[in-house]
Amino acid sequence: MKRTAIYPGTFDPITLGHVDVVHRGLKLFDRVVIGVAANPNKQPMFDLDTRLAMVRETFTGKARIEVVSFSGLLVELAHDQHANAILRGLRAASDFEYEFQMATMNRRLDERIETVFVMAREDYTFVSSRFIREISGMGGDVSELVPPAVLPHLMP
Ligand code: ADP
């Protein structure tokens, strides 16, 4: 049986922290499906098509990685993709509260799907999409914190 995990997120934009989480996921699962959430209520800086394109370009040619968008329930996406796990990343204690609530809610919605947390490499623990948006918006260099596919979209 193939083990598939869904890695959901806003990816606004994708960072090397996210990429690291995906690679860790591939050690545990045969297939990782990256679910780019439409998330209109979060008012993302990049529209869905751009966020998808940046994620797709980052993982082109990677056989065990798939990239899809979704707007409904995460557990529905998991069903559609025949996934038995949700992959999430943890940086610091500050991530825990929200992640705990989401994992508990998803478990209530479908007890068969397990949420699995991985920790990114220490040098990425401070990297967040918000940080990337803010720093690059002020002209700072974030080229060592995001995959190359993101850079053209950050240029003024
Ligand atoms: P969301 O809007 O769902 O939080 P994000 O794109 O911000 O989506 O994050 C998706 C997941 O990746 C979350 O579980 C988040 O904690 C994790 N993540 C983001 N950046 C990092 C990082 N630098 N190290 C580890 N996990 C991370």
Side-chain angles (χ1 to χ4, degrees), residues 4-29 31-59 62 64-78 80-81 83-110 113-137 140-151 153-154:
T4 299
I6 300 281
Y7 179 33
T10 314
F11 303 104
D12 186 34
I14 182 167
T15 70
L16 291 185
H18 292 127
V19 174
D20 190 65
V21 168
V22 171
H23 287 134
R24 282 171 204 284
L26 285 174
K27 293 191 211 162
L28 303 169
F29 300 96
R31 191 169 149 254
V32 171
V33 178
I34 304 173
V36 181
N39 257 351
N41 49 353
K42 261 200 164 183
Q43 299 188 310
M45 175 170 139
F46 297 100
D47 62 32
L48 179 59
D49 285 344
T50 309
R51 285 183 280 131
L52 263 175
M54 291 186 286
V55 178
R56 286 217 164 102
E57 196 181 323
T58 300
F59 296 108
K62 297 272 160 52
R64 295 197 291 134
I65 302 172
E66 240 171 273
V67 184
V68 299
S69 65
F70 76 106
S71 53
L73 280 178
L74 182 55
V75 290
E76 295 296 338
L77 176 67
D80 292 347
Q81 293 290 336
N84 52 357
I86 293 167
L87 177 67
R88 294 286 287 181
L90 279 180
R91 281 162 291 196
S94 52
D95 277 338
F96 181 78
E97 189 72 31
Y98 173 69
E99 294 293 340
F100 175 74
Q101 281 180 7
M102 203 168 79
T104 311
M105 188 55 79
N106 282 323
R107 178 183 279 170
R108 276 191 86 105
L109 292 171
D110 187 336
I113 299 172
E114 206 60 54
T115 301
V116 174
F117 296 98
V118 296
M119 287 197 309
R121 235 171 68 185
E122 307 78 71
D123 16 344
Y124 298 139
T125 48
F126 67 97
V127 180
S128 69
S129 298
R130 198 188 71 170
F131 185 69
I132 300 296
R133 294 193 300 272
E134 287 177 4
I135 301 294
S136 75
D141 179 14
V142 292
S143 56
E144 288 184 356
L145 306 176
V146 294
V150 172
L151 291 176
H153 299 278
L154 292 174

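Numbering of ligands and ligand atoms starts at 1, following listing order.
Summarising the local packing, CD of Glu57 is surrounded by 12 or fewer heavy atoms from other residues, nucleotides or ligands at distances under 6.0 Å. Within a 6.0 Å radius of CE in Met119, other residues, nucleotides and ligands contribute 12 heavy atoms or fewer. Heavy atoms of other residues, nucleotides or ligands lying less than 6.0 angstrom from CZ of Arg107 number 12 at most.
Contacts between Tyr7 and ligand 1 below 4.0 angstrom, taking non-hydrogen atoms only, involve the side chain exclusively. Only the side chain of Lys42 comes within 4.0 Å of ligand 1, counting heavy atoms alone; its backbone N, CA, C and O stay farther away. Of all the heavy atoms of Pro8, the ones lying under 4.0 Å from any atom of ligand 1 belong exclusively to the backbone. Residue-level proximity to ligand 1 for Val21 is carried by the side chain, the only part with a heavy atom below 4.0 angstrom.
Of the polar atoms of Thr10, at least one N or O is found under 3.5 Å from an N or O of ligand 1, judged by distance alone. Ligand 1 has no N or O atom lying under 3.5 Å from any N or O atom of Ser128, backbone or side chain. For ligand 1, none of its N or O atoms has an N or O atom of Ala120 under 3.5 Å away.
Scanning the protein for heavy atoms near atom 16 (O) of ligand 1, the closest one is Gly89 O, 2.7 Å. Here the protein heavy atom with the shortest distance to atom 4 (O) of ligand 1 is Arg88 NH2, 3.4 Å.
For the pair Arg31 (side chain) and Ala5 (backbone), a donor-acceptor distance under 3.5 Å is absent. Although no hydrogens or angles enter the test, the distance criterion places no donor-acceptor pair under 3.5 Å between the side chain of Arg121 and the main chain of Leu16. Between the side chain of Arg51 and the backbone N or O of Pro13, no donor-acceptor pair lies under 3.5 Å. In this structure a side-chain-to-backbone donor-acceptor pair under 3.5 Å is missing from Asp95 to Leu90.
At a 4.0 Å cut-off, at least one heavy atom of Glu99 sits close enough to ligand 1 to count as contact.
Atom numbering of ligand 1 starts at 1 in the shown order; those under 4.0 Å from a heavy atom of Gly17 are 22 (C), 23 (N). In the vicinity of Tyr124, heavy-atom distances shorter than 4.0 Å reach the ligand 1 atoms 22 (C), 23 (N). Against a heavy-atom cut-off of under 4.0 Å, Phe11 is close to the following atoms of ligand 1: 6 (O).
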Report the C-alpha separation of Arg24 and Asp20 in whole Å, then their side-chain angles, then the decisive distance to 0.1 Å, and conclude whether the salt bridge (Lys or Arg N to Asp or Glu O under 4.0 Å) test is met.
-> CA-CA 6 Å; Arg24 282 171 204 284; Asp20 190 65; 2.7 Å; yes
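Remark: among candidates His18, Met102, Arg91, the nearest residue to atom 22 (C) of ligand 1 is Arg91, based on non-hydrogen atoms.
Scanning for salt bridge (Lys or Arg N to Asp or Glu O under 4.0 Å) contacts around Asp80 gives an empty result, with sequence neighbours left out.
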